[in-house]
Trainee: 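The structure's right below; bear with me while I get my questions together.
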Amino acid sequence: MTVTAATTGTAAGRARAGRSGAGAPSGGADGRTPRARRAAVTTLLLAPAGITVLGLVLVPLLLVVRNSFASSDAYGGIQGGWTLSNYQDLMDPVYLKVFSYSLGMAALNTAVCLVLGYVVSYYLAGRSPQRQMLLLLLIIVPFWTDFLVRTFAWINLLSPGGPVNSLTDAIGLTDGTTQWIPSQGASFIGLVYAFLPTAIFPIYASLRGVDGSLGEAARDLGCGWWRVHTRVLLPIARPGMLAAALLTFIPTLGVFVIPVLLGGGRDQLVGNLIVTLYTEFRNQPMGAAASVVLLLLMVASMAVFGLAARRLRRKSA
């Protein structure tokens, strides 16, 4: 009888201890819950990237914004203070011409890259998977070379007596006195060459999953070549084309190497203006103001493309 009561009491005590333990949060030796430990590990893993972004992106950006409102000393350095004169000076017609020229050149380069990128992507999407991989590799391989080296290669191609000049002379397009470089046309060719792959890949990603029989069905229903592309294929490729336009338009605004090497610096983009203000004019506050204006143009462009993408998603839904 006494043994039975003791056994019953021990079992009841264990049951109470189990219930109290189940209600308490489980933790390790340090007393933290698994969720807290996961949060701590995530923070530790993200800390190097966060510190890098803070030190190499946010802090320099804040310094540029601050310097854009500062005044300059006699040598063009940062003197301090707060002023809007740097932005007022950028309203000069000379600088407004640079900004308008940059926007026009970026828009033209984007349009040409979209057309050529769609044609190339359509051709790639219609090939066999093995052929697609080979053609994509041929597009990528030249861009394993440094950007500056490829730009100098275009100098050799477009220089007097070079392959392009010799070909145009042979077919009668030029008379031997035409100078391809430096010129605005050479600068534009360099821009198209530099950003065409960034336009090809997003459009190709949109078209690669399209069934080839879709175009055949449209032609069987009476659609011509033009309507097959405008009514069937282009709506499918529209998200990729929007991404391609974003990846082409925004970087074109800040290019400065191509206009200098291929254009001779005659027609400057915003990137060239910023370099000139910092190095030749030695006006760091005004160069910072031009950098902020370029940043605002890029942000505005991203907002426009974002609204277009949002409208496209609503329309497709």
Trainee: Any side chain to side chain donor-acceptor pair (under 3.5 Å) pairs touching residues 97-109, not counting sequence neighbours?
Mentor: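 Of all non-adjacent pairs touching residues 97-109, those that pass side chain to side chain donor-acceptor pair (under 3.5 Å) are Y101-Q184, N109-T252.
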Trainee: Roughly how far apart are F195 CZ and L116 CG, rounded to 0.5 Å?
Mentor: 14.5 Å
Trainee: Examine distances only and state if a side-chain atom of S166 and a backbone atom of P163 form a donor-acceptor pair shorter than 3.5 Å.
Mentor: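 Checking the backbone N and O of P163 against the side chain of S166, no donor-acceptor pair under 3.5 Å is found.
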Trainee: Determine, stepwise, if the pair I274 / F256 fulfils side-chain contact (heavy atoms from CB on, under 4.5 Å).
Mentor: CA-CA 9 Å; I274 294 173; F256 69 93; over 6 Å; no
Trainee: Same cluster or not: are I258 and V149 linked, directly or through other Ile, Leu, Val, Met, Phe, Trp or Tyr residues, by side-chain heavy atoms under 4.5 angstrom apart?
Mentor: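 Not linked; separate clusters.
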Trainee: Begin from the C-alpha positions of Q284 and N67 and carry the test side-chain contact (heavy atoms from CB on, under 4.5 Å) through to its verdict.
Mentor: CA-CA 8 Å; Q284 296 184 31; N67 292 338; 5.7 Å; no
Trainee: Please answer whether the main-chain N or O of R127 pairs with a side-chain N or O of Q132 as donor and acceptor at a distance below 3.5 Å.
Mentor: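 Indeed, once roles are kept as given, a pair shorter than 3.5 Å links the two residues.
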Trainee: Check for a donor-acceptor pair, side chain of S206 on one end and backbone N or O of G240 on the other, with a separation under 3.5 Å.
Mentor: yes
Trainee: Measure the CG-CD1 distance between L167 and I171 for me, rounded to the nearest 0.5 Å.
Mentor: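 One gets 5.0 Å once the value is rounded to the nearest 0.5 Å.
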Trainee: Closest heavy-atom contact between P259 and L269?
Mentor: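 Shortest heavy-atom separation between P259 and L269 comes out as CG-CD1, 3.7 Å.
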Trainee: Just verifying a value: how many Å separate S68 OG and I78 CD1, rounded to the nearest 0.5 Å?
Mentor: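 It is 9.0 Å, given to the nearest 0.5 Å.
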Trainee: Cation-pi check for W82 against R66: NZ or CZ below 6.0 Å from the six-membered ring centre and within 45 degrees of the axis, yes or no?
Mentor: yes
Trainee: Quick one, Y193 with F143, criterion ring-ring contact (aromatic ring centres under 6.0 Å, His included). Give me CA distance, side-chain angles, the key distance, then yes/no.
Mentor: CA-CA 10 Å; Y193 170 76; F143 291 85; 5.6 Å; yes
Trainee: If you group Ile, Leu, Val, Met, Phe, Trp and Tyr by side-chain heavy-atom gaps below 4.5 Å, do L262 and V98 land in one group?
Mentor: no
Trainee: Testing the basics here: between V255 and N272, what is the closest heavy-atom pair and its distance to 0.1 Å?
Mentor: O-OD1, 3.9 Å
Trainee: Start with the C-alpha gap between V112 and F188, add the side-chain angles, then the distance that decides, and say whether side-chain contact (heavy atoms from CB on, under 4.5 Å) holds.
Mentor: CA-CA 10 Å; V112 173; F188 181 72; 3.6 Å; yes
Trainee: Could I get the full list of ring-ring contact (aromatic ring centres under 6.0 Å, His included) partners for Y118, not counting sequence neighbours?
Mentor: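 Expected list: H229.
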Trainee: Specify the closest pair of heavy atoms between T110 and A106, including all atoms of both residues, with the distance to one decimal.
Mentor: OG1-O, 2.7 Å
Trainee: Working to the nearest 0.5 Å, report the span between OG1 of T145 and CZ of F147.
Mentor: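 Spacing of OG1 (T145) from CZ (F147) equals 12.5 Å.
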Trainee: Do V260 and L294 share a hydrophobic cluster, counting only Ile, Leu, Val, Met, Phe, Trp and Tyr and linking them when any side-chain heavy atoms are less than 4.5 Å apart?
Mentor: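 V260 does not cluster with L294.
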Trainee: Please name the pair of heavy atoms, one in L114 and one in A245, separated by the smallest distance, quoted to 0.1 Å.
Mentor: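 Result for this residue pair: CD2-N, 3.9 Å.
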Trainee: Looking only at heavy atoms, which two atoms of S301 and L253 are closest? And how far apart?
Mentor: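 Between these two residues, the closest heavy atoms are OG-CD1, 4.5 Å.
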Trainee: Walk me through it: do I139 and L196 pass the test side-chain contact (heavy atoms from CB on, under 4.5 Å)?
Mentor: CA-CA 10 Å; I139 295 175; L196 182 57; over 6 Å; no
Trainee: Kindly give the heavy-atom pair with the smallest separation between Y278 and S291, and that separation in Å.
Mentor: CE1-OG, 4.2 Å
Trainee: Can you check whether I140 reaches F201 side chain to side chain, under 4.5 Å on heavy atoms?
Mentor: yes
Trainee: Answer with yes or no whether the hydrophobic clustering places L56 together with V59; edges join I, L, V, M, F, W, Y residues whose side-chain heavy atoms lie under 4.5 Å apart.
Mentor: no
Trainee: Which value, rounded to the nearest 0.5 Å, describes the distance between L242 atom CG and R310 atom CZ?
Mentor: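 The CZ atom of R310 is 14.0 Å from CG of L242, to the nearest 0.5 Å.
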Trainee: Is M133 reachable from L137 through a run of hydrophobic residues whose side-chain heavy atoms are each under 4.5 Å from the next?
Mentor: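 L137 and M133: one cluster.
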Trainee: Measure the spacing between SG of C113 and CD1 of I203 and express it to the nearest 0.5 Å.
Mentor: 9.0 Å
